Amino acid sequence: MPFWVSMTNSELLKAFYSSMKESVETADRLFTTLGLLRQAGLEMDYEKTQRLNEAVGELNVKLEEQAQSRYSISQKLGCSGARYSQQLIERLSGETQKQVADMAGRLESVLGDCKVRIEDQVELMQRQQDSVKELIEEVALDIKA
C-alpha cells in the first residue's frame with residue numbers, strides 16, 4: 001500500500017512538492033549524464049557510452065516512477081488527467097501556489113533541456129551510423145574492384 005494513502009491533504013501536498021523537487025534533481029542528473037554521453041559518443045568510447053546509456057535508462061525509469069507517484073498523489077487530491085499538476089496548482093493560493101508553480105516550471109524547463117540533449121544525441125548517432133555505412137560501401141567497392 002502506498003505511503004500516501006492515509007495522509008492529510010497538507011501532507012499529500014508536501015509529498016507532491018517533494019516528488020517534484022526530487023524529479024528536478026533527477027532530471028538535472030539526466031541532463032549532465034546526457035552531456036557526458038554525447039562526449040563519449042564523439043570520442044567513440046564504446047564502453048563509456050554503454051555505461052552512460054545504462055545510467056540514462058535508470059534515470060528515465062526513476063523519473064517515470066516519480067511522475068507516477070505525483071499522479072497518484074494528485075488523484076488523492078482530486079486532480080487527474082494529463083494536466084494534473086496544473087489542476088493542482090490552480091487549486092492552491094498564495095505562497096504555496098507560487099512555490100509549487102515555480103517548482104513545476106523548473107521541472108518543465110530541465111525536462112525540456114533534456115529533450116533537446118536527447119534529440120542532439122539521436123542526431124549524432126545518426127550521423128555516425130551514416131558515416132559507418134559510407135565506409136562499408138567504400139570498402140565493398142574497393143573489394144569488388
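Because the structure is predicted, anything quoted here is derived from the model rather than measured.
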*So, for Ala40 and Leu52, which heavy atoms are closest and what is the spacing to 0.1 Å?*
CB-CD1, 4.0 Å
*Output all residues satisfying salt bridge (Lys or Arg N to Asp or Glu O under 4.0 Å) with Glu90, sequence neighbours left out; order by chain, then residue number.*
Arg83
*Tell me, please, which residues at least two apart from Ser19 pass side chain to side chain donor-acceptor pair (under 3.5 Å).*
Arg70
_Gap between atom CZ of Phe16 and atom CG of Leu77 - 0.5 Å precision_ = 8.0 Å
_If you define the side chain from C-beta out and look only at heavy atoms, does anything of Leu88 sit under 4.5 Å from Ile73?_
no
*Kindly give the heavy-atom pair with the smallest separation between Ala15 and Met7, and that separation in Å.*
CB-CE, 4.1 Å
*What's the spacing between Ser69 OG and Glu64 CD if we round to 0.5 Å?*
11.5 Å
*Among residues two or more places apart or on two chains, list those pairs meeting ring-ring contact (aromatic ring centres under 6.0 Å, His included) that have a residue in residues 92-139.*
none
*Can you list every pair that meets ring-ring contact (aromatic ring centres under 6.0 Å, His included) and has a residue in residues 23-66, with sequence neighbours left out?*
none
*To which residues is Met44 joined in a hydrophobic cluster, defined by side-chain heavy-atom contacts under 4.5 Å among Ile, Leu, Val, Met, Phe, Trp and Tyr, whether direct or through other members?*
none
*Could you name each residue pair satisfying ring-ring contact (aromatic ring centres under 6.0 Å, His included) that touches residues 93-133, not counting sequence neighbours?*
none
*Could you give the distance from OG1 (Thr32) to CG (Leu37), rounded to the nearest 0.5 Å?*
12.5 Å
*State which residues pass salt bridge (Lys or Arg N to Asp or Glu O under 4.0 Å) with Lys98; sequence neighbours excluded, sorted by chain then number.*
Asp102
*Establish whether Leu92 and Leu107 are linked, either directly or via other cluster members, by ILVMFWY side-chain heavy-atom contacts under 4.5 Å.*
yes
*Could you pull out the closest heavy-atom pair between Thr33 and Ala55, with the gap in Å?*
CG2-CB, 4.0 Å
*asked:* Are Ile118 and Val56 packed together at the side-chain level, in the sense that at least one heavy-atom pair is separated by less than 4.5 angstrom?
replied: no
_Please enumerate all residues that pass salt bridge (Lys or Arg N to Asp or Glu O under 4.0 Å) together with Glu119, with sequence neighbours excluded._
Lys115
*Heavy atoms only: give me the nearest Leu111-Leu63 pair and the separation to one decimal.*
CD2-CD1, 4.1 Å
*Can you name the nearest heavy-atom pair linking Cys114 to Leu34, along with the distance?*
O-CD1, 3.7 Å
*Specify the closest pair of heavy atoms between Val24 and Arg106, including all atoms of both residues, with the distance to one decimal.*
CG1-NH2, 3.7 Å
*Mind checking the CZ-CG spacing from Arg91 to Leu13? Nearest 0.5 Å is all I need.*
11.5 Å
*What is the distance from atom CG of Leu124 to atom CZ of Arg117, rounded to the nearest 0.5 Å?*
12.5 Å
_Applying salt bridge (Lys or Arg N to Asp or Glu O under 4.0 Å) as the test, list every pair that has at least one member in residues 123-135; sequence neighbours left out._
Glu123-Arg127
*Residues in side chain to side chain donor-acceptor pair (under 3.5 Å) with Glu22, at least two apart?*
none
*Pairs involving residues 23-52, ordered by first then second residue, that meet salt bridge (Lys or Arg N to Asp or Glu O under 4.0 Å) (sequence neighbours left out)*: none
*Quick one: OG on Ser80 to CD on Gln87, what's the gap to the nearest 0.5 Å?*
5.5 Å
*ring-ring contact (aromatic ring centres under 6.0 Å, His included) partners of residues 66-87, not counting sequence neighbours, each pair once*: Tyr71-Tyr84
*Counting heavy atoms not belonging to Glu108, are there more than 12 under 6.0 Å from its CD?*
no
